Amino acid sequence: MTQENLKEEILRLKREKNALIMAHYYQRDEIQEIADFIGDSLALARKAAQTDADIIVMCGVHFMGETAKILCPGKKVLVPDAEAGCSLADSCDPKEFAAFVAEHPDHTVVSYVNTSAAVKAHTDIVVTSGNARKIIESLPQDEKIIFGPDHNLGEYINSVTGRRMLLWDGACHVHERFSIQAILDMKKAHPGAKILVHPECRRPLQMVADKVGSTAALLDFARTDDAREYIVVTESGILFEMRRECPGKTFLPAPAEDAECQCNECDYMKMSTLEKVARCLREESPEIIVEPELAAKALRPIERMLELS
Ligand code: 13P
Ligand code: SF4
């Protein structure tokens with residue numbers, strides 16, 4: 001089947017089944033093109049909480065589908081590929097995290113949304129990179145806080161808020177690979193370019209950034225800022241929406257440490273294809289299932305996030 005035929009089938013099935021197709025900014029260009037809604041993790045969670053569709057197709061990674069299912073237990077949540085995980089979520093084993101939490105009973109537990117439902121169940125408040133600063137700043141200055149699993153995001157929040165949160169030592173394999181030297185070399189070659197950095201990148205990269213933010217915050221900065229050129233230090237899928245929204249500007253993908261591979265791509269995010277979206281709508285599978293007792297425990301900290309942001 002051609003790409004055009006696949007797109008037609010997806011649009012027809014979507015209408016017939018009252019399905020909503022959501023996509024993260026790191027998805028392949030052709031997936032972003034057919035999506036009803038594109039967003040960062042926060043916007044995807046908010047949209048899932050509000051939709052009146054019967055079926056949600058979450059084109060992203062597993063924790064995004066799981067979050068949507070926890071927020072909408074009565075809806076069918078489908079994902080194009082059930083194997084699309086997240087190295088950052090995998091860097092936080094629920095049992096080890098529970099033990100860490102138990103060692104610090106006087107701490108409030110704040111977890112990044114890039115976690116399994118089992119980790120969220122041990123959490124007081126979930127955050128995304130789009131609202132972490134605001135939520136941490138809303139807590140009393142002397143509140144003791146555990147933050148996990150992303151160490152780089154935790155360090156960033158500590159630096160901008162002056163907190164001393166206890167950090168879990170997790171990371172994203174894509175964002176950890178960006179090379180400070182390569183980015184400084186790019187800046188030398190493009191002195192007018194501004195540097196946009198996702199907070200999952202290591203601290204030296206955060207420190208040379210003109211803007212540190214979630215995918216939506218980086219897009220917003222590019223849209224409203226007056227520079228003509230940007231070095232983009234995050235997964236390269238974001239370039240599709242940046243170029244679409246800012247046609248007169250130049251966006252340069254930042255290279256990762258190993259120039260031999262496409263290291264600025266998240267292999268999990270790229271597992272969604274048009275073929276898989278069409279098949280999952282046709283077969284209504286793979287479906288995300290979260291055991292109700294676990295879902296109820298994971299829902300509380302997600303709702304807390306939505307209230308606070
Ligand atoms: P955002 O919430 O900024 O879209 O990030 C999600 C993610 O997986 C980053 O790697
Ligand atoms: Fe997870 Fe990193 Fe991929 Fe984002 S880019 S989904 S944090 S592995």
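For ligands, and for the atoms within them, numbers begin at 1 and follow the listed sequence. The chain is numbered in sequence order, starting from 1. These figures come from a predicted structure and were not determined experimentally.
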Would you mind telling me if ligand 1 is within reach of the side chain of [X], the backbone, both or neither, using heavy atoms under 4.0 Å?
X: N114; result: side chain
X: Y26; result: side chain
X: T128; result: neither
X: E200; result: side chain

Of the choices C172, S91, S87, C86, which has the non-hydrogen atom that lies closest to atom 1 (Fe) of ligand 2?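 Shortest heavy-atom distance from atom 1 (Fe) of ligand 2: C86.
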
With under 30° as parallel and over 60° as perpendicular, where do the rings of Y26 and H175 fit, or are they tilted in between?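 If you compare the ring of Y26 with that of H175, the planes turn out tilted.
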
Taking 4.0 angstrom as the limit and counting only heavy atoms of [X], give me the atoms of ligand 1 inside it, by number and element.
X: H24; answer: 1 (P), 4 (O), 5 (O), 6 (C)
X: S129; answer: 1 (P), 2 (O), 3 (O)
X: H175; answer: 10 (O)
X: S214; answer: 3 (O)

Answer yes or no as to whether an N/O/S atom of C266 is found below 2.8 Å from atom 3 (Fe) of ligand 2. yes

How close do C86 and V61 get, heavy atom to heavy atom, and via which atoms? CB-CG2, 4.4 Å

Looking at ligand 1, would E235 count as a contact under a 4.0 Å heavy-atom criterion?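 Judged by the 4.0 Å heavy-atom criterion, E235 does not count as contacting ligand 1.
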
Tell me whether ligand 2 is touched by H173 - counting only heavy atoms on the residue side and a distance under 4.0 Å.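 Yes; H173 lies near enough to ligand 2 that a heavy-atom distance drops under 4.0 Å.
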
